[in-house]
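Below is one structure, written out as structure tokens, with a few remarks after it.
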Amino acid sequence: TNNLRDYLLRGFSNKKYSQEIYKNNLEEVLNISHQRKARREALLNEALEVCVKVELLENYSITTTSKGEKFIFKLNPNFVK
């Protein structure tokens, strides 16, 4: 959860309010790539829910490309740290 928040805040501090990352890279950022698939999904969903609840994320979407699933994050430009 904190790793996702930190990743998104790096973009926020650079005034980059839209970020994209592939799922496998996101799992590395969250340090959950060694977990079983079901556990990875639960941890990823939990981290996303927390970032939405604290209003760091306005929304996110998941698209499928030839390289895999890609997460597109839209950050809240009015987020107060």
Side-chain angles (χ1 to χ4, degrees):
T1 302
N2 289 337
N3 292 344
L4 180 59
R5 182 204 61 207
D6 293 346
Y7 171 79
L8 294 172
L9 284 174
R10 279 194 298 270
F12 185 83
S13 66
N14 292 328
K15 308 243 185 289
K16 188 177 175 186
Y17 300 119
S18 180
Q19 296 185 44
E20 298 179 0
I21 188 170
Y22 284 99
K23 184 176 183 178
N24 60 340
N25 294 337
L26 182 58
E27 290 173 349
E28 290 292 328
V29 167
L30 295 176
N31 197 23
I32 59 172
S33 58
H34 63 282
Q35 301 283 342
R36 290 179 311 155
K37 185 176 181 178
R39 181 71 178 142
R40 282 195 311 257
E41 294 292 327
L43 291 170
L44 180 58
N45 288 335
E46 179 184 334
L48 290 168
E49 286 176 22
V50 168
C51 288
V52 169
K53 283 183 183 177
V54 298
E55 298 181 354
L56 173 58
L57 277 177
E58 282 187 356
N59 58 44
Y60 66 93
S61 61
I62 304 169
T63 60
T64 304
T65 67
S66 61
K67 292 184 178 181
E69 290 183 320
K70 182 193 289 189
F71 284 77
I72 303 170
F73 300 114
K74 176 142 176 35
L75 302 180
N76 179 2
N78 300 318
F79 178 73
V80 179
K81 299 176 196 174

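Note that the coordinates shown come from a computational prediction; the quantities given were computed from them, not determined experimentally.
- Distance check, rounded to the nearest 0.5 Å: CG of L43 to CG of L4 gives 11.5 Å.
- For N2, the side-chain hydrogen bond (donor to acceptor under 3.5 Å, both in side chains) partners two or more places apart in sequence, or in a different chain, are R5.
- Heavy-atom minimum distance, V54 versus C51: CG2-O, 3.6 Å.
- When hydrophobic clusters are built by joining Ile, Leu, Val, Met, Phe, Trp and Tyr residues whose side-chain heavy atoms come closer than 4.5 Å, directly or via intermediates, V50 is not grouped with Y7.
- Residues forming a ring pair (Phe, Tyr, Trp, His ring centres under 6.0 Å) with Y60 (at least two apart in sequence, or on another chain): none.
- For the salt bridge (charged side-chain N to carboxylate O under 4.0 Å, His left out) test, residues two or more places apart in sequence or in another chain that qualify with E41 are K23.
- A continuous path of hydrophobic side-chain contacts links F71 to L8 [ILVMFWY only; heavy atoms under 4.5 Å].
- The structure places CZ of F73 at 6.5 Å from CG of L57, a figure rounded to the nearest 0.5 Å.
- Taking the side chain as every heavy atom from C-beta outward, R10 and F12 never approach each other to under 4.5 Å.
- For the pair I72 and S18, the tightest heavy-atom approach, listed with the atom from each and the gap, is CG2-OG, 4.3 Å.
- Judged as a salt bridge (charged side-chain N to carboxylate O under 4.0 Å, His left out), and not counting sequence neighbours, E46 has no contacts.
- When the salt bridge (charged side-chain N to carboxylate O under 4.0 Å, His left out) test is applied to E58, the partners found at least two apart in sequence or on another chain are K74.
- For the atom pair CG of N59 and CG of N76, the computed distance is 10.0 Å after rounding to the nearest 0.5 Å.
- For N24, the side-chain contact (heavy atoms from CB on, under 4.5 Å) partners are Y22, not counting sequence neighbours.
- E20 is linked by a side-chain hydrogen bond (donor to acceptor under 3.5 Å, both in side chains) to K70, counting only residues two or more places apart in sequence or in another chain.
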List, one per line, each side-chain donor-acceptor pair under 3.5 Å for residues 27-37, sequence neighbours excluded.
unit_1	atom_1	unit_2	atom_2	d
E27	OE2	R40	NE	3.4
E28	OE2	S33	OG	3.0

